[in-house]
Amino acid sequence: MTLNNYTTRLTQWVGLMLTALLLMLSNPAAAKHAKLIELEEKLAQHQGQVVYLDFWASWCIPCKASFPWMNAMQAKYQAQGLKIITVNLDADKAHALDFLAEHPADFEVIYDPKGKIARHFNLPGMPSSMIFDRQGKLVATHVGFNDVKKVQYQQALANLLAN
């Protein structure tokens, strides 16, 4: 192969790779896939634990009440295998960071500014939460947060952690 042929083929290959990259970046399904992969990896890391997955946003009034409760649950049940992971849905991460400055999180936060994970789960309202058992199976979904629901959610977690 001559140097000229090699250069031509290399240029074609680079062009194809750039085109593929641009298609991936402009394809919403690819971006959705990346966020879902991030969540799946987090869930897989905690296989064998009970996972409480919570979706929140800075503008959500009940979310403000849920943060101290989630911190308390993480502290109380972590040794028994509870892992709390939250997904923030603010379009502007600065809003989430301001919220977290006022309502600190002792648990993991995934930022999903385009709401791709939320759309995948078809969330019915805010906040929404899901509980996964130690085998990674989704066993409960919840919408909203108040004193009555707080007791129900804690009981569900305690039951799963006892098994």
Side-chain angles (χ1 to χ4, degrees), residues 13-75 77-78 81-146 148-150 152-154 156-157 160:
W13 182 83
V14 168
L16 286 172
M17 292 299 108
L18 288 174
T19 301
L21 179 62
L22 288 172
L23 285 172
M24 284 178 17
L25 292 174
S26 67
N27 181 352
K32 173 182 174 184
H33 186 63
K35 279 295 173 186
L36 289 174
I37 288 173
E38 179 183 358
L39 176 60
E40 288 170 359
E41 287 173 352
K42 298 279 185 201
L43 293 173
Q45 289 172 3
H46 301 292
Q47 191 86 21
Q49 294 179 297
V50 172
V51 176
Y52 184 85
L53 177 65
D54 184 76
F55 292 85
W56 65 279
S58 63
W59 48 262
C60 169
I61 303 298
C63 296
K64 293 176 183 178
S66 71
F67 268 59
W69 178 82
M70 287 189 289
N71 284 331
M73 293 299 97
Q74 184 71 41
Y77 294 116
Q78 184 172 8
L82 176 64
K83 179 64 178 178
I84 295 180
I85 301 171
T86 65
V87 179
N88 173 263
L89 301 174
D90 283 301
D92 184 346
K93 189 175 179 179
H95 296 299
L97 296 175
D98 289 344
F99 179 96
L100 290 170
E102 290 183 37
H103 309 281
D106 297 332
F107 41 80
E108 203 163 341
V109 177
I110 296 172
Y111 296 98
D112 185 21
K114 296 191 190 254
K116 301 211 180 266
I117 297 171
R119 276 194 298 280
H120 174 76
F121 286 109
N122 295 317
L123 297 185
M126 289 294 285
S128 286
S129 60
M130 300 172 184
I131 300 175
F132 295 85
D133 67 12
R134 294 183 189 275
Q135 291 72 45
K137 179 183 172 196
L138 177 63
V139 295
T141 58
H142 304 115
V143 180
F145 188 86
N146 57 40
V148 172
K149 291 181 179 194
K150 176 170 44 175
Q152 295 169 349
Y153 300 170
Q154 183 170 354
L157 291 172
L160 280 171

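Every side-chain contact (heavy atoms from CB on, under 4.5 Å) that V143 has, sequence neighbours left out, goes to P124, S128. With sequence neighbours left out, K64 forms a salt bridge (Lys or Arg N to Asp or Glu O under 4.0 Å) with no residue at all. Partners of K149 under the salt bridge (Lys or Arg N to Asp or Glu O under 4.0 Å) rule, at least two apart in sequence or in another chain, do not exist in this structure. For K93, there are no salt bridge (Lys or Arg N to Asp or Glu O under 4.0 Å) partners at least two apart in sequence or on another chain. By the side-chain hydrogen bond (donor to acceptor under 3.5 Å, both in side chains) test, H103 is found to be paired with no residue, residues two or more places apart in sequence or in another chain being considered. Remark: A140 pairs with I131, H142 by the side-chain contact (heavy atoms from CB on, under 4.5 Å) rule, at least two apart or across chains. Legend: residues meeting side-chain hydrogen bond (donor to acceptor under 3.5 Å, both in side chains) with Q154, ordered by chain and number and at least two apart, are Y77. Remark: Q49 pairs with H46 by the side-chain hydrogen bond (donor to acceptor under 3.5 Å, both in side chains) rule, at least two apart or across chains. With sequence neighbours left out, N71 forms a side-chain contact (heavy atoms from CB on, under 4.5 Å) with D106, F107. Scanning for side-chain hydrogen bond (donor to acceptor under 3.5 Å, both in side chains) contacts around Q45 gives an empty result, with sequence neighbours left out.
Looking only at distances, no side-chain donor or acceptor of R134 sits under 3.5 Å from a matching main-chain atom of V51.
Atom CG in D133 sits 6.5 Å away from atom CG in L160 (nearest 0.5 Å). Atoms OG and CE, on S66 and M73 in that order, are 12.0 Å from each other to the nearest 0.5 Å. The CZ atom of R119 sits 9.0 Å away from the NZ atom of K114 when rounded to the nearest 0.5 Å. To the nearest 0.5 Å, atoms CG (L100) and NE2 (H95) are separated by 13.0 Å. Taken to the nearest 0.5 Å, the CG atom of L43 stands 10.5 Å off from the CD atom of E38. Going from atom CE of M130 over to atom CD1 of I85 covers 12.5 Å, rounded to the nearest 0.5 Å.
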Checklist entry - Could you walk me through whether K83 and K42 pass the side-chain contact (heavy atoms from CB on, under 4.5 Å) check? => result CA-CA 10 Å; K83 179 64 178 178; K42 298 279 185 201; over 6 Å; no
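Minimum interatomic distance between G115 and L89 (heavy atoms only, all atoms of both residues): CA-CD2, 4.1 Å. A pairwise comparison of heavy atoms in Q47 and Q135 identifies NE2-O, 2.7 Å as the closest pair. Closest heavy-atom contact between F67 and A105: CE2-CB, 3.9 Å.
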Table please: side-chain donor-acceptor pairs of residues 52-60 below 3.5 Å, with sequence neighbours left out.
residue : atom : partner : partner atom : Å
Y52     : OH   : S129    : OG           : 3.2
W56     : NE1  : T86     : OG1          : 3.2
S58     : OG   : D90     : OD1          : 2.8
S58     : OG   : D90     : OD2          : 3.3

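The aromatic rings of W69 and Y153 sit perpendicular to each other, their planes meeting at more than 60°, with 30° as the lower class boundary.
Residue pairs meeting the ring-ring contact (aromatic ring centres under 6.0 Å, His included) criterion with at least one member in residues 122-141: none, sequence neighbours excluded.
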